[in-house]
Q: 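Provided herewith is a single structure, encoded as structure tokens, for subsequent inquiry.
Predicted model only: the values in this text are computed from it and were never measured. Just so you know, ligand 1 is whichever comes first in the structure, and atom 1 is the first atom listed for that ligand. The analysis underlying the following values was restricted to heavy atoms, covering all of them including side chains, and did not include hydrogens, waters or symmetry mates.
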Amino acid sequence: LTLDLGPESRASADVPPEPLSSEAPIGRHLLPINVGRSPSGHLTVAGVDLCSLAEEFGTPAFVYDEEHLRVRCREALAAFGPGVAYAAKAFHCKAMALLAFEEGLALDVATDGELAVALAAGIPGDRLVLHGSNKSVHELEAGLRAGVARIAVDSFDEIDRLESLVAGRGGVQDVLVRVTPGVEAHTHEYVMTGQVDSKFGFGLDSAAAEAAARLRKIEGVRLVGVHAHIGSQIFRTDSFAREVAALAPFVSDLGVGELCIGGGLGVAYLNGETAPTLVDWAAAVRSACRDARLPPEVRVTAEPGRAIVATAGVTLYRVGTIKDLPGIRRYVSVDGGMSDNPRPVLYGSGYEAFLPRCPDSARRLAARVVGKHCESGDVVVENARLPADLAVGDILATPVTGAYGHSMASNYNRVGRPPVVFVRGGRARVVVRRETVEDLLRLEL
Ligand code: LLP
């Protein structure tokens with residue numbers, strides 16, 4: 001079942017809208033929960049002045065409101081129950097893994113690297129779900145060894161690998177079968193995953209049933225549920241309702257006790273945007289489950305990533321050059337760019353920018369904020385609004401950069417990746433330090 005939703009509903013939530021005309025200060029809903037003002041009017045997060053923080057730790061830097069992360073985890077837990085997992089790919093480090101675990105969330109890890117970080121953080125295997133498209137023998141082995149709670153099985157080749165790995169091993173590994181429900185979510189094509197034409201999972205036509213039947217024949221494997229993920233940065237909860245409607249008959253036919261709907265809830269990146277909350281999302285999913293007559297005993301879970309971490313994070317940069325092209329535009333260059341936030345380049349994602357030294361000022365200046373990399377596509381904020389007195393040396397912040405920024409950061413142009421700083425109760429702690437030239441040279445033989 002592929003739903004043609006028409007051109008209007010295809011509009012991507014992640015494509016930048018018309019150039020921002022608003023001079024209004026940065027919207028409160030785009031900032032971490034615990035923001036305030038210092039005596040000098042600077043923006044504080046959890047009581048820490050962002051300008052001072054930039055002086056102390058340097059720029060660029062990823063700053064997270066720790067309490068905000070915790071609040072979102074608690075919301076997800078309350079909304080979906082103890083099976084809910086945080087999708088580590090959105091932002092992963094030992095501190096974040098531990099935080100999610102402490103707040104009662106399981107963790108979705110998608111590679112041996114993500115698994116290793118979670119284990120290094122001390123997360124027990126039985127709180128981990130191993131995902132991944134094209135899992136290697138090594139990754140499956142690592143998952144089995146760690147005793148992960150679930151492996152989400154993605155392909156027939158993976159079933160072959162799993163079958164030979166569990167043979168004669170003793171014990172039973174719980175698995176989910178990953179299904180592509182044939183639902184096109186309203187989001188950017190590159191992050192749409194639920195449609196039939198997809199590299200992920202098994203189609204509902206017949207492949208999924210065949211995969212389930214094969215898994216059920218393997219001794220040492222127990223099929224406990226169905227998994228699907230229809231995409232990311234999805235604003236409309238009806239996309240998830242369609243997912244549930246497509247999956248419910250399959251789940252009922254299999255008679256399994258679990259349905260994981262994946263992640264994908266969108267967040268607002270721009271002043272004019274609003275997004276459903278985790279609570280709205282869960283309510284829509286539950287009501288869709290009732291409508292689809294999913295047996296009430298089926299445990300319905302989810303794997304939010306972005307919705308947990310995006311708005312908790314702010315990136316701090318320093319302005320290095322300002323170039324005015326009269327009648328064309330003004331370029332504001334900062335000391336990071338596509339290496340710490342590839343999303344504008346990859347998906348054309350729009351962001352806002354502001355100056356933490358005057359978060360309440362009108363933003364009269366139209367500018368393009370760009371990075372320091374050697375390409376024109378290295379855009380941080382395509383259509384930024386900034387205060388008119390912007391000057392070289394200013395600290396410039398981009399909000400809602402807590403998801404898929406640090407985790408997708410690169411060393412392009414041999415730039416070291418920025419540190420991650422958690423702030424809480426007036427204190428800042430570095431949880432991932434800045435990468436140095438020594439780090440970059442460590443791999444060279
Ligand atoms: N579960 C599975 C199986 C996934 O593949 C993903 C994301 C999630 C959960 C979490 O989705 P979220 O709640 O964060 O939307 N790099 C892109 C996003 C790619 C998402 C990949 N899978 C971006 O920056 O927009």
Side-chain angles (χ1 to χ4, degrees), residues 12-16 69 72-73 75-76 79-80 83-92 96 100 105-111 114 128-135 150-154 176-181 185-195 198-202 225-237 239-240 243 259-269 275-278 281-282 285 301-313 315 338 340-351 398 400-410:
S12 163
D14 216 17
V15 167
L69 294 168
R72 286 289 168 275
C73 288
E75 271 173 22
F80 284 101
V84 65
Y86 163 61
K89 69 200 73 172
F91 163 53
H92 195 28
M96 180 62 210
L105 269 55
L107 223 67
D108 140 12
V109 291
T111 61
E114 288 186 0
L128 301 175
V129 180
L130 181 63
H131 275 286
S133 117
N134 187 15
K135 297 176 200 68
R150 307 271 184 278
I151 296 178
V153 177
D154 201 82
L176 305 172
V177 61
R178 175 156 179 176
V179 170
T180 43
H186 309 100
T187 189
H188 193 289
E189 191 191 344
Y190 290 5
V191 292
M192 215 194 248
T193 47
Q195 72 280 14
S198 163
K199 71 168 178 170
F200 297 102
F202 301 94
V226 171
H227 176 277
H229 171 75
I230 57 170
S232 197
Q233 184 58 3
I234 299 167
F235 275 177
R236 290 177 47 173
T237 52
S239 294
F240 298 100
E243 175 188 5
L259 169 61
C260 179
I261 60 147
L265 180 64
V267 302
Y269 282 92
T277 63
L278 285 155
W281 184 38
V285 168
T301 63
E303 292 160 349
R306 189 189 317 264
I308 305 272
V309 295
T311 318
T315 309
M338 62 194 285
D340 58 77
N341 187 1
R343 299 192 69 259
V345 185
L346 282 173
Y347 320 116
S349 308
Y351 285 86
T398 49
V400 202
T401 44
Y404 302 107
H406 177 262
S407 68
M408 293 206 298
S410 77

Q: Return yes if some donor-acceptor pair links the side-chain N/O of T180 with the main-chain N/O of G201 below 3.5 Å, else return no.
A: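 Between the backbone of G201 and the side chain of T180 there is no qualifying donor-acceptor contact (under 3.5 Å).
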Q: Between R178 and ligand 1, does any nitrogen or oxygen pair lie at a separation below 3.5 Å?
A: no
Q: Between L265 and I234, is any pair of side-chain heavy atoms under 4.5 Å apart?
A: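 Not in contact.
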Q: May I ask you to list the atoms of ligand 1 that are less than 4.0 angstrom from any heavy atom of D108?
A: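 Listed by number with element: 1 (N), 2 (C), 9 (C).
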Q: Can you list the ligand 1 atoms lying under 4.0 Å from a non-hydrogen atom of G305?
A: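 Listed by number with element, the hits are 12 (P), 13 (O), 14 (O).
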Q: Report yes or no: does S133 contribute a side-chain atom to a donor-acceptor pair with the main-chain N or O of F200 at less than 3.5 Å?
A: no
Q: Mark up the atoms of ligand 1 that fall under 4.0 Å of a heavy atom belonging to A87, in ascending order.
A: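 In order of number, 8 (C), 9 (C), 10 (C).
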Q: With a 4.5 Å heavy-atom cut-off, do R343 and Y351 have their side chains touching?
A: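 A side-chain contact exists here, since the closest heavy-atom pair is under 4.5 Å.
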Q: Could you tell me, atom by atom, which parts of ligand 1 come under 4.0 Å of a heavy atom of M408?
A: 16 (N), 24 (O)
Q: Say whether, by atom type as modelled, one donor and one acceptor occur between the side chain of S407 and the main chain of K89 under 3.5 angstrom.
A: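 Yes; at least one donor-acceptor contact below 3.5 Å.
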Q: Backbone, side chain, both or neither: what part of E303 comes under 4.0 angstrom of ligand 1, heavy atoms only?
A: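 For E303, the contact with ligand 1 is made by both the backbone and the side chain.
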Q: Quick check: does G264 get an N/O under 3.5 Å from an N/O on ligand 1?
A: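 Min N/O separation from ligand 1 is below 3.5 Å for G264.
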Q: If you take the nearest heavy atom of each of Q233, K89, R306, H227, which one is closest to atom 25 (O) of ligand 1?
A: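 The residue whose heavy atom sits nearest atom 25 (O) of ligand 1 is R306.
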Q: Any chance the rings of H131 and H227 have centres within less than 6.0 Å?
A: yes
Q: Compute the minimum heavy-atom distance from P304 to ligand 1 and say whether it is under 4.0 Å.
A: yes
Q: For A85, what residues pass the side-chain contact (heavy atoms from CB on, under 4.5 Å) criterion, not counting sequence neighbours?
A: A106, D108, E303
